[in-house]
Novice: 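This structure is in structure tokens; I'll ask about it shortly.
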Amino acid sequence: MIYLYDSAVCDDLRASFNPDNMGSTSVKVVDPDAAVDVVSQIQNDEFQFPAVVVTRAESYSVDSSRLNFTWLHRGVSTVIDEKTNTVYNETVIPINLTYSLTVLATNTQDADELTRELMFKYAKEYFSTIHLPYESKRTIRFGLTLDTDAPIEQTSRQLEYLNSGKVYQTIVHLKTEGCVLVTYTPHKMHRYATEPEIRLE
């Protein structure tokens, strides 16, 4: 389900660069699944600049500070299917995800301005939403914020562009708050009918 967080980050960035949804935007946003093809696209002159490439760190961790025994083991009843009398317990593992936003541009001005916009966008915690495709069909809000402990990496002139130009690259690191993994366990509801015993004395 982590791909849902990836999509939310990318969709929000696209909306930021094109708030009125007016056709194509001047800044291309590349999601993690397509990030591996960026270099080949650049070499084949099929890439649109400037661009922001979103990548998620290969590893992530369990957020032990938010780990809850009941939430993790027994789960919490969140969904009731009235047709089948089934209750679904939601079991949750909180996780820490980190993202990198790589700004690619053919000149330093575009690279610097895009980096500045991204830094201010995430300087304060910014919230986004995912929609669970599982039994609950509910939404989860999570926060994105600038990782102030990580440097803003500038690797200008690192990538060659068509053997004649250069691609300027700046990397901004983000961390998340409130991300979770969820699963649902079904339990049948049983109705018990009892009749009170009445004693006349």
Novice: Give, for atom CD1 of I93 and atom OG1 of T183, the distance between the pair rounded to the nearest 0.5 Å.
Specialist: 9.0 Å
Novice: Applying a strict under-4.5 Å side-chain criterion to I, L, V, M, F, W and Y, I'd like to know whether L67 and L181 cluster together.
Specialist: yes
Novice: Looking at L97 and C179, what are the two nearest heavy atoms and their distance?
Specialist: CD1-SG, 4.0 Å
Novice: Check A105 against A111 and note the closest heavy-atom contact, atom names and distance.
Specialist: CB-N, 3.7 Å
Novice: Heavy atoms only: give me the nearest P186-T86 pair and the separation to one decimal.
Specialist: CB-CG2, 3.7 Å
Novice: First locate atom CG of L101, then atom CD of E117, and finally report the distance between them rounded to the nearest 0.5 Å.
Specialist: 13.0 Å
Novice: On a heavy-atom basis, which atom in I171 and which in S100 lie closest, and how many Å separate them?
Specialist: CG2-CB, 3.9 Å
Novice: Roughly how far, to the nearest 0.5 Å, is the CD1 atom of I2 from the CD1 atom of I130?
Specialist: 10.0 Å
Novice: Can you name the residues that form a side-chain hydrogen bond (donor to acceptor under 3.5 Å, both in side chains) with D11, not counting sequence neighbours?
Specialist: R14
Novice: Does any pair with a residue in residues 132-154 pass ring-ring contact (aromatic ring centres under 6.0 Å, His included), and if so which ones, sequence neighbours excluded?
Specialist: Y5-F142
Novice: Could you tell me the separation between the CD atom of E125 and the CG atom of L174, rounded to the nearest 0.5 Å?
Specialist: 11.5 Å
Novice: Which residue, T55, D6, T176, forms the side chain to side chain donor-acceptor pair (under 3.5 Å) with Y99?
Specialist: D6
Novice: Is the count of non-hydrogen atoms from other residues, nucleotides or ligands lying under 6.0 Å from E113 atom CD greater than 12?
Specialist: yes
Novice: Ignoring hydrogens, what is the shortest heavy-atom contact between G178 and I140? Give both atom names and the distance.
Specialist: O-CG2, 4.3 Å
Novice: Please report the interatomic distance CG(N96) to CG(D63), rounded to the nearest 0.5 Å.
Specialist: 4.0 Å
Novice: For residues 143-153, dump all side-chain donor-acceptor pairs below 3.5 Å to protein atoms at least two apart in sequence or in another chain.
Specialist:
from, atom 1, to, atom 2, distance (Å)
D147, OD1, D149, N, 3.1
E153, OE2, H173, NE2, 2.6

